[in-house]
Amino acid sequence: MKIASINVNGIREAVERGFLDWLEEQDADVVCVQNLKAKSFELDDSILYPSGYEGYFLDAEQDGFSGVGLYCRKIPKAIMYGLGFEQCDVEARFLQADYDRFSIASFLMPDGSDYAAKQAFMAQYQDYLGKMARKRREYIICGTWHIAHKTLDLANWADNQTTPGFKPEERAWMDQVFGPTGFIDTFREINRDAGEYTWWPKLDQEVPRGRQEGWRLDYQIVGPNFRQHVVDAWIDYEATFSEFAPLIIEYDLEL
């Protein structure tokens, strides 16, 4: 099973830059998209239902803001929209597809431009993650967490210790997610090298991403029982339709 996750940073702009061509080439079972910045009723059918996929979307109340989606080759048993707390649901930050054995979610954390709002979200989300970890159902949560967890997760960490996305309290929060709460960072199960990033401050097609100072802000996390099913993990640096790069994980599981 191949799952891709990508913050498109505006779905219509990403389509203009080649997102749908990239999607067709992936042959992924599920593609989780974040930060659509458009309401689904505004989008063409070519975006809502690309060849081979069923699209599911959650729209933010505010125009041109947030929004998450799932492209699924196999129709899920159920779709869960939101998490039940206002900040998440009004801003359209969580969408979950349920299959027989596990659930796959597309997730978008607030970016920290309103840092107090991000902290409030993190507190409520941590409670929900704790509840998820105690359930028998397994989860694969994919998306932009807007936090670089370790020093190897951003290029210029020494100068960014007071920057939202790498503040000590945010990193400590991630320590809880990957520690006592019990979730696993699937990418780090395969790749433990520094210099692997999913976001760069500016979208510059002329400068290779390997020469830009990036951050790893995107994750696919699973419970400890799924650690053994992570087969491969990589970042698609060739996909340049967004300031973010797709994170792709392969699991030895079937939907």
Side-chain angles (χ1 to χ4, degrees), residues 3-9 32-35 65-68 83 85 87-88 91-95 105-133 139-202 209 212-223 233 235 242-249:
I3 299 179
S5 180
I6 172 63
N7 184 321
V8 293
N9 197 30
C32 304
V33 290
Q34 303 89 37
N35 214 16
F65 180 76
S66 191
V68 289
L83 291 176
F85 63 91
Q87 186 181 3
C88 178
E91 296 181 355
R93 297 190 176 278
F94 192 93
L95 181 66
S106 184
F107 168 65
L108 179 64
M109 176 83 78
D111 62 11
S113 53
D114 182 340
Y115 191 64
K118 184 178 184 180
Q119 288 182 301
F121 185 97
M122 289 164 58
Q124 294 181 88
Y125 188 48
Q126 187 171 31
D127 289 342
Y128 193 85
L129 288 173
K131 294 175 183 177
M132 294 171 78
Y139 296 88
I140 303 173
I141 306 173
C142 311
T144 302
W145 294 63
H146 280 299
I147 300 171
H149 183 207
K150 301 289 187 180
T151 55
L152 77 168
D153 291 321
L154 74 165
N156 193 10
W157 66 267
D159 292 335
N160 282 289
Q161 295 180 72
T162 59
T163 302
F166 196 64
K167 288 190 172 185
E169 60 268 28
E170 294 175 291
R171 298 172 60 205
W173 184 87
M174 292 294 275
D175 286 341
Q176 291 294 310
V177 173
F178 296 134
T181 307
F183 285 98
I184 305 297
D185 179 353
T186 58
F187 182 77
R188 286 298 179 216
E189 288 298 300
I190 300 295
N191 189 323
R192 300 185 182 275
D193 297 331
E196 296 281 357
Y197 309 126
T198 61
W199 176 76
W200 296 263
K202 293 182 180 179
R209 288 181 168 187
Q212 297 185 61
E213 294 183 351
W215 298 51
R216 189 174 73 99
L217 301 179
D218 299 84
Y219 300 79
Q220 293 190 29
I221 75 166
V222 299
I235 297 166
S242 170
E243 293 178 5
F244 292 78
L247 172 63
I248 303 170
I249 312 290

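On a predicted model such as this, the values are computed, not experimentally measured, just so you know.
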### Separation of Phe94 CZ from Ser106 OG (nearest 0.5 Å)
9.0 Å

### Task
For Phe85, enumerate each residue passing the ring pair (Phe, Tyr, Trp, His ring centres under 6.0 Å) test, keeping only those at least two apart in sequence or located in another chain.
Phe121

### Query
Gln34 and side-chain contact (heavy atoms from CB on, under 4.5 Å): which partner among Ile6, Leu108, Asn9?
Leu108

### Task
Output yes when a side-chain donor or acceptor of Gln161 lies under 3.5 Å from a complementary backbone atom of Ala158, and no otherwise.
yes

### Nearest heavy atoms of Pro110 and Gln87, plus distance in Å
CG-NE2, 4.3 Å

## Note on the structure
When every non-hydrogen atom of Tyr219 is compared with those of His149, the smallest separation belongs to OH-N, 3.1 Å

### Query
Heavy-atom distance under 4.5 Å between the side chains of Tyr125 and Arg93, does that happen here?
no

### Task
For residues Ala105 and Cys32, report the shortest heavy-atom separation together with the two atoms involved.
O-SG, 3.8 Å

### Query
If you round to the nearest 0.5 Å, how far is CG of Asp111 from CG of Asn35?
8.0 Å

### Message
Does the plane of the ring in Phe244 sit parallel, tilted or perpendicular to the ring in His146? Use 30° and 60° as the thresholds.
### Response
perpendicular

### Query
What are the two closest non-hydrogen atoms of Ala148 and Leu217, and how far apart are they?
N-CD2, 3.7 Å

### Query
Where do Trp199 and Asn7 land on the side chain to side chain contact (heavy atoms under 4.5 Å, CB included) test, with the steps shown first?
CA-CA 9 Å; Trp199 176 76; Asn7 184 321; over 6 Å; no

Only pairs under 3.5 Å count here: list side-chain donor-acceptor contacts from residues 176-189, not counting sequence neighbours, and write none if there are none.
from: Thr181; atom 1: OG1; to: Gln176; atom 2: O; distance (Å): 3.0
from: Asp185; atom 1: OD1; to: Phe187; atom 2: N; distance (Å): 3.4
from: Asp185; atom 1: OD1; to: Arg216; atom 2: NH1; distance (Å): 3.4
from: Asp185; atom 1: OD2; to: Arg216; atom 2: NH1; distance (Å): 3.4
from: Asp185; atom 1: OD2; to: Arg216; atom 2: NH2; distance (Å): 2.6
from: Thr186; atom 1: OG1; to: Gln220; atom 2: O; distance (Å): 2.6
from: Arg188; atom 1: NH1; to: Asn191; atom 2: O; distance (Å): 2.8
from: Arg188; atom 1: NH1; to: Asp193; atom 2: O; distance (Å): 3.0
from: Arg188; atom 1: NH2; to: Asp153; atom 2: OD1; distance (Å): 2.6
from: Glu189; atom 1: OE1; to: Arg227; atom 2: NH1; distance (Å): 3.3
from: Glu189; atom 1: OE2; to: Arg227; atom 2: NH1; distance (Å): 3.1

### Query
Taking the inter-plane angle between the rings of Trp145 and Trp173 on a 0 to 90° scale, is it parallel (under 30°), tilted (30 to 60°) or perpendicular (over 60°)?
tilted

## Note on the structure
To the nearest 0.5 Å, atom CD of Gln119 lies from atom CD of Glu170 at 7.5 Å

### Query
Taking atom CD1 of Ile147 and atom CG of Asp218, what is their separation to the nearest 0.5 Å?
12.0 Å

### Query
Given side chains that start at C-beta, do those of Gln124 and Leu83 come closer than 4.5 Å, heavy atoms only?
no

### Query
Ser66 and Ala92: which non-hydrogen atoms are nearest, and at how many Å?
OG-O, 3.4 Å

#### Entry: Closest contact, heavy atoms only, Gly214 versus Trp200
CA-CD1, 3.6 Å

### Task
To the nearest 0.5 angstrom, please state how far the CG atom of Leu95 sits from the SG atom of Cys88.
10.0 Å

### Message
Would you say that Trp215 contacts Asn160 through its side chain, given a criterion of any heavy-atom pair below 4.5 Å between the two side chains?
### Response
yes

### Check: Lys150 and Asp175 side chains under 4.5 Å, non-hydrogen atoms
yes

